[in-house]
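Notes follow the structure.
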Amino acid sequence: MSNERRDAIHKLQALAVEERLAHPEEDEALIASVLDRLEEIEDRRRRAARRKARSIALGIGAIGALIALTLLIQARQA
């Protein structure tokens with residue numbers, strides 16, 4: 001990369017920083033928006049984890065019921 005190009009990039013970066021410092025309310029709004037989005041994503045993950053746990057619990061309960069039924073049938077046949 002040439003020195004002229006590097007200098008131009010640095011100048012653009014400096015201008016971008018100045019612009020952002022001149023309008024901090026935009027950064028605050030952006031941060032709030034990102035935090036809201038992260039919260040939504042976390043809520044979705046929590047709901048999915050609860051659904052998965054519920055499905056596993058129902059599966060374990062069904063297996064337990066089958067075992068109990070099998071034992072009951074075996075006890076009657078004995």
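Within the model, atoms CG of L30 and CG of L35 stand 9.5 Å from one another, a figure rounded to the nearest 0.5 Å. Atoms CD and CD, on E39 and E42 in that order, are 9.5 Å from each other to the nearest 0.5 Å.
The side chain to side chain donor-acceptor pair (under 3.5 Å) analysis of residues 49-71, with sequence neighbours excluded, yields no pairs. Sorted by first and then second residue, the salt bridge (charged side-chain N to carboxylate O under 4.0 Å, His left out) pairs involving residues 29-38 (not counting sequence neighbours) are R37-E40.
Under a cut-off of 6.0 angstrom, the local environment of CD in E4 is sparse, with at most 12 non-hydrogen atoms contributed by other residues, nucleotides or ligands.
Applying the side chain to side chain donor-acceptor pair (under 3.5 Å) criterion to D43, with sequence neighbours excluded, gives R46.
With hydrophobic clusters built from ILVMFWY side chains whose heavy atoms lie under 4.5 angstrom apart, L69 does not share a cluster with I60.
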